[in-house]
Every structure is written in structure tokens, then in C-alpha cells.
Amino acid sequence: MTADTMREYYARRAEEYERIYARPERQADLALIKRAIEEAFAGRHVLDIACGTGYFSRCAAHRALSVSGIDANEETLAIARAKQIPNAVFDIGDAYALRRPERRYGGCLITFWWSHVPRQRLAEFLAGVQNALAPGAQVLVIDNLYVPGNSTPVSRADQEGNTYQERRLGNTERYEVMKNFPTPSELEAWGTRFGTEVAVTSLTYFWMFQFRSR
Ligand SMILES: C[S@@+](CC[C@H](N)C(=O)[O-])C[C@H]1O[C@@H](n2cnc3c(N)ncnc32)[C@H](O)[C@@H]1O
């Protein structure tokens with residue numbers, strides 16, 4: 001799967017995307033996640049990378065000074081903008097080509113994007129994130145645990161250890177999507193390389209990973 005196919009998949013999925021957050025068995029975890037996001041970013045200017053439809057940008061915005069969401073697709077951004085979150089703006093942007101802003105961010109939210117970054121590009125991605133953040137910025141990354149019987153099965157792995165799922169959109173179009181499931185120790189190692197105060201938490205369906213940027 002190329003980065004372009006990934007972008008196209010989410011453009012086509014934009015309208016149905018938020019259904020995933022309505023799954024009843026995941027509500028207790030999602031409530032914890034929303035609280036963690038609100039608390040992590042209180043009083044900060046936040047960069048939300050691959051913000052999608054702005055579902056979690058809204059949580060960050062509750063107590064943040066501002067939220068800047070970037071995403072590769074106008075289709076998802078249009079849904080985010082329609083939420084009319086007062087202190088949030090949404091712009092087109094590439095997670096692998098983050099610009100160093102004039103005022104670097106004090107917070108960074110990355111939800112359900114880490115799993116789509118090829119393992120061989122994680123260092124490049126994190127270096128770009130670091131460049132956009134002030135030292136000490138709070139980084140919060142959230143993504144899926146692999147839960148047998150609940151997660152979409154993994155269909156194959158490639159030579160770099162990236163794993164893939166066969167996904168179907170509502171209109172039956174099929175996509176093979178890269179979806180990685182890192183272990184807590186892998187996340188801790190990335191946190192230690194790029195930050196301090198590293199914490200990894202496993203919920204039932206999701207993991208949360210926090211660190212302070214160097
Ligand atoms: C799994 S969704 C996550 C959306 C949102 N963060 C959430 O948690 O609901 C992944 C998002 O990544 C976006 N995307 C794909 N490639 C991208 C890239 N190179 N740079 C920025 N965003 C990208 C897609 O458009 C999609 O909105």
C-alpha cells in the first residue's frame with residue numbers, strides 16, 4: 001500500500017468514518033480516552049496530526065487554548081470544519097512534511113495514525129513531529145490494540161514487519177490497509193528516544209502513549 005492509497009481510502013471513508021466510534025463495547029475505553037485528551041492539553045496550543053473528521057480535536061479543544069488540525073484529505077477536513085469548534089482550525093497537511101511553525105506547539109495529539117505509519121518511517125515521522133513542538137510539549141498518541149475476535153484480522157505482514165488488514169467500505173469497495181500493532185516496549189523505546197516522562201497505558205481495545213518532547 002502506498003501513502004497515496006492510504007489517503008484515498010480515508011477520503012472515500014470520510015462520510016462513514018465516525019461509525020467506528022459508536023461500537024458499544026468500546027464506549028468505556030473511549031470515555032477514558034476523551035478525559036485523558038482533555039486533561040493532557042489544558043492551557044496548551046495543540047497540533048492534531050491526521051485529525052480526520054475532528055472527532056478527537058473537539059475533546060482537545062475543550063480545555064486547550066487552540067487546536068490546529070491537519071489532514072491529507074479535504075473530505076475529512078470538511079466534516080471537521082462543519083463541527084464549528086470555536087478554537088480549532090483545520091488545514092490540509094502531510095504528516096511526513098510538518099512545517100516548523102513560528103510559535104512551536106505545546107501539545108500534540110496523534111489518534112489512530114501511528115498504526116498507519118510504516119515501521120521504517122517512524123523515525124522520520126517523529127523527527128518531523130519534534131520539529132513542530134516546543135521542548136517539553138505534551139505528546140499523546142492513541143491507537144488500537146489487536147483484540148482477537150473484535151479487531152479486523154491481520155491478513156499478512158511484509159518484510160519490515162508491517163501488518164495489513166483487508167477492509168471493505170460500505171459500498172463494498174475493498175482496500176488493503178497497513179495497520180500496525182506495536183508492543184508497549186516498542187512504544188517506550190520510541191518515547192525514550194524522542195522524549196522524557198514516557199508512559200504507556202493499555203486499555204481493553206486501545207493503547208495510550210504519552211511523553212514530553214525534548
Ligand atoms: C484513522 S484516520 C484518523 C483520524 C483521526 N485522527 C481520528 O482519530 O478520528 C487517519 C487519517 O489520516 C489521514 N491521512 C492519510 N495520510 C495522511 C498523511 N500523509 N498526512 C496527514 N494525514 C493523512 C486520513 O485522511 C485520515 O483522516
Side-chain angles (χ1 to χ4, degrees), residues 1-23 26-27 29-34 36-38 40-41 46-61 64 67-83 85 88-99 105 107-122 124-129 131-132 139-146 151-152 162-165 167-169 173 175-182 203 205-209:
M1 144 167 267
T2 65
D4 275 351
T5 321
M6 176 75 75
R7 193 165 46 76
E8 179 193 308
Y9 166 75
Y10 279 108
R12 290 181 185 253
R13 192 178 159 193
E15 286 298 332
E16 59 187 84
Y17 180 75
E18 288 193 12
R19 285 186 209 157
I20 191 81
Y21 300 128
R23 289 178 67 165
R26 299 186 178 192
Q27 296 311 305
D29 273 12
L30 283 169
L32 288 173
I33 285 172
K34 288 175 183 172
I37 292 173
E38 284 189 25
F41 299 125
V46 179
L47 174 63
D48 183 356
I49 300 174
C51 62
T53 58
Y55 183 86
F56 293 106
S57 319
R58 179 158 27 209
C59 306
V67 175
S68 298
I70 65 127
D71 196 275
N73 277 308
E74 282 297 346
E75 288 84 347
T76 50
L77 290 169
I79 296 170
R81 290 185 191 117
K83 291 187 164 87
I85 304 164
V89 291
F90 297 99
D91 291 302
I92 204 88
D94 182 354
Y96 298 109
L98 298 170
R99 277 175 296 131
Y105 294 96
C108 180
L109 178 63
I110 306 170
T111 53
F112 303 95
W113 169 248
W114 182 285
S115 53
H116 293 321
V117 178
R119 287 169 174 272
Q120 64 274 22
R121 294 193 79 179
L122 276 168
E124 169 199 347
F125 168 65
L126 286 169
V129 171
N131 194 38
V139 181
L140 176 58
V141 190
I142 295 166
D143 219 305
N144 297 89
L145 286 171
Y146 186 76
S151 304
T152 305
N162 300 297
T163 50
Y164 295 81
Q165 296 171 327
R167 299 210 186 160
R168 209 179 272 264
L169 294 181
E173 272 177 291
Y175 282 86
E176 183 186 60
V177 175
M178 178 185 291
K179 180 81 180 173
N180 288 323
F181 297 94
L203 305 176
Y205 296 96
F206 307 103
W207 53 259
M208 296 197 288
F209 165 38

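As the structure lists them, so they are numbered: ligands from 1, and atoms in each ligand from 1.
Applying the salt bridge (Lys or Arg N to Asp or Glu O under 4.0 Å) definition to pairs two or more places apart or across chains, none involves residues 51-61.
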Are there any N/O pairs under 3.5 Å between ligand 1 and the protein, and if so, what are their distances?
from     : atom 1 : to   : atom 2 : distance (Å)
ligand 1 : 6 (N)  : A50  : O      : 2.6
ligand 1 : 6 (N)  : T111 : O      : 2.9
ligand 1 : 6 (N)  : T111 : OG1    : 2.9
ligand 1 : 8 (O)  : Y21  : OH     : 3.0
ligand 1 : 8 (O)  : T111 : O      : 3.2
ligand 1 : 8 (O)  : T111 : OG1    : 2.7
ligand 1 : 9 (O)  : Y17  : OH     : 3.3
ligand 1 : 9 (O)  : Y21  : OH     : 2.7
ligand 1 : 19 (N) : D94  : OD1    : 3.1
ligand 1 : 20 (N) : A95  : N      : 2.8
ligand 1 : 22 (N) : A72  : N      : 3.3
ligand 1 : 25 (O) : D71  : OD1    : 2.7
ligand 1 : 25 (O) : N73  : ND2    : 2.8
ligand 1 : 27 (O) : D71  : OD1    : 3.4
ligand 1 : 27 (O) : D71  : OD2    : 2.7

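Classification of R81 and E74 as a salt-bridged pair holds, one side-chain N sitting under 4.0 Å from a carboxylate O. Under 4.0 Å is where a charged nitrogen must lie from a carboxylate oxygen, and between R167 and E16 no such pair does. Residues E38 and K34 are not paired through a salt bridge, judged by the lack of any N-O separation under 4.0 Å between the basic side chain and the carboxylate.
Taking the six-membered ring for Trp and thresholds of 30 and 60 degrees, Y55 and Y21 have nearly parallel ring planes, at less than 30 degrees apart.
Remark: the backbone N or O of T163 is paired with a side-chain donor or acceptor of N180 at under 3.5 angstrom.
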